[in-house]
Amino acid sequence: MTSTATTTPAATSTFGALIRTGLVATVAASAATMAVAAVGHAAGVSLDVADAPIPVTGFGVLTAAFSLVGVLLAALLSRFARRPRRTFVRTTVVLTALSLVPDVIADAGAGTKALLMLTHLVAAAIVIPALARRLAA
């Protein structure tokens, strides 16, 4: 007599894939925002806000911190939301838009404000789709 065992992927493997994807996206977004800041600075855009310079590495550190918040949000929504992908995308798009507000009102030149906003959008363009692909529709 033969039997066939049918197994379903454990929730932890999906959860693990979400976390791994989030960590890779976090590293990529951090590197990308540092590159954008470095290129902008090399092109003559000031990285000073309120007469205090933002180090290029600061872009990476803050991107990593807030991207990890996004990973946590995705993990929570994957567990508790009825439509995790839709809820995640809508929430993170709103949060990304809200993240631009401090840049607009910052005590900085127009070029600096634009560069700050660009780094937010670059990070979001990397992290949001990567995590959304791992969430159930």
Side-chain angles (χ1 to χ4, degrees):
M1 175 182 219
T2 61
S3 64
T4 305
T6 305
T7 60
T8 58
T12 55
S13 67
T14 302
F15 182 78
L18 174 67
I19 299 301
R20 280 189 301 279
T21 298
L23 294 176
V24 169
T26 294
V27 170
S30 293
T33 58
M34 287 191 300
V36 167
V39 168
H41 188 58
V45 177
S46 171
L47 297 182
D48 292 357
V49 175
D51 295 326
I54 301 172
V56 170
T57 54
F59 286 87
V61 170
L62 287 175
T63 298
F66 285 102
S67 294
L68 291 174
V69 170
V71 174
L72 176 62
L73 176 64
L76 289 170
L77 291 174
S78 74
R79 172 72 174 99
F80 297 109
R82 192 168 7 139
R83 295 186 187 129
R85 182 182 302 159
R86 181 176 155 189
T87 305
F88 176 77
V89 170
R90 287 182 175 187
T91 302
T92 53
V93 166
V94 169
L95 291 173
T96 300
L98 290 173
S99 78
L100 301 176
V101 173
D103 299 339
V104 171
I105 63 174
D107 181 16
T112 303
K113 290 178 181 186
L115 182 65
L116 291 170
M117 288 187 279
L118 178 61
T119 60
H120 288 226
L121 297 175
V122 166
I126 293 169
V127 175
I128 294 171
L131 289 171
R133 280 192 295 274
R134 289 290 182 181
L135 294 170

Item checked: Step-by-step side-chain contact (heavy atoms from CB on, under 4.5 Å) determination, S78 to L18 -> CA-CA 9 Å; S78 74; L18 174 67; 4.0 Å; yes

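- With values rounded to the nearest 0.5 angstrom, R85 atom CZ is found 13.0 Å from L77 atom CG.
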Pair up each side-chain donor or acceptor in residues 40-58 with any protein partner under 3.5 Å, not counting sequence neighbours, and list the distances.
residue, atom, partner, partner atom, Å
H41, ND1, V45, O, 3.3
S46, OG, D48, N, 3.0

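- Remark: R86 engages R83, R90 in a side-chain contact (heavy atoms from CB on, under 4.5 Å) (not counting sequence neighbours).
- Residues satisfying the side chain to side chain donor-acceptor pair (under 3.5 Å) test with S99, not counting sequence neighbours, are H120.
- For T21, the side-chain contact (heavy atoms from CB on, under 4.5 Å) test picks out A130, R134, with sequence neighbours left out.
- Contacts of T119 classified as side-chain contact (heavy atoms from CB on, under 4.5 Å), with partners at least two apart in sequence or in another chain: T33, V36, F59.
- Placement of I128 and V69 in two distinct hydrophobic clusters is found when ILVMFWY residues are connected by side-chain heavy-atom separations under 4.5 Å, directly or transitively.
- In this structure a side-chain-to-backbone donor-acceptor pair under 3.5 Å is missing from K113 to D103.
- In this structure a side-chain-to-backbone donor-acceptor pair under 3.5 Å is present from S30 to A64.
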Note to self: Between L121 and L100, does the side-chain contact (heavy atoms from CB on, under 4.5 Å) criterion hold? Intermediate values first, please.
What the structure shows: CA-CA 9 Å; L121 297 175; L100 301 176; 4.3 Å; yes

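- Other members of the cluster containing V101 do not exist, because no ILVMFWY side chain is joined to it at under 4.5 Å.
- Side-chain contact between L68 and L23: present, with at least one pair of heavy atoms (C-beta onward) separated by less than 4.5 Å.
- By the side-chain contact (heavy atoms from CB on, under 4.5 Å) test, L62 is found to be paired with F66, residues two or more places apart in sequence or in another chain being considered.
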Margin query: V71 vs L131, test: side-chain contact (heavy atoms from CB on, under 4.5 Å). Steps then yes/no.
Written below: CA-CA 7 Å; V71 174; L131 289 171; 4.0 Å; yes

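- Closest non-hydrogen pair, F88 versus A74, comes out as CE1-CB, 3.8 Å.
- Contact annotation: the side chain of T87 never approaches that of L135 to less than 4.5 Å [non-hydrogen atoms, C-beta and beyond].
- Minimum interatomic distance between A29 and S67 (heavy atoms only, all atoms of both residues): CB-OG, 4.3 Å.
- Here V27 is tied to no hydrophobic group at all, with no ILVMFWY side chain closer than 4.5 Å.
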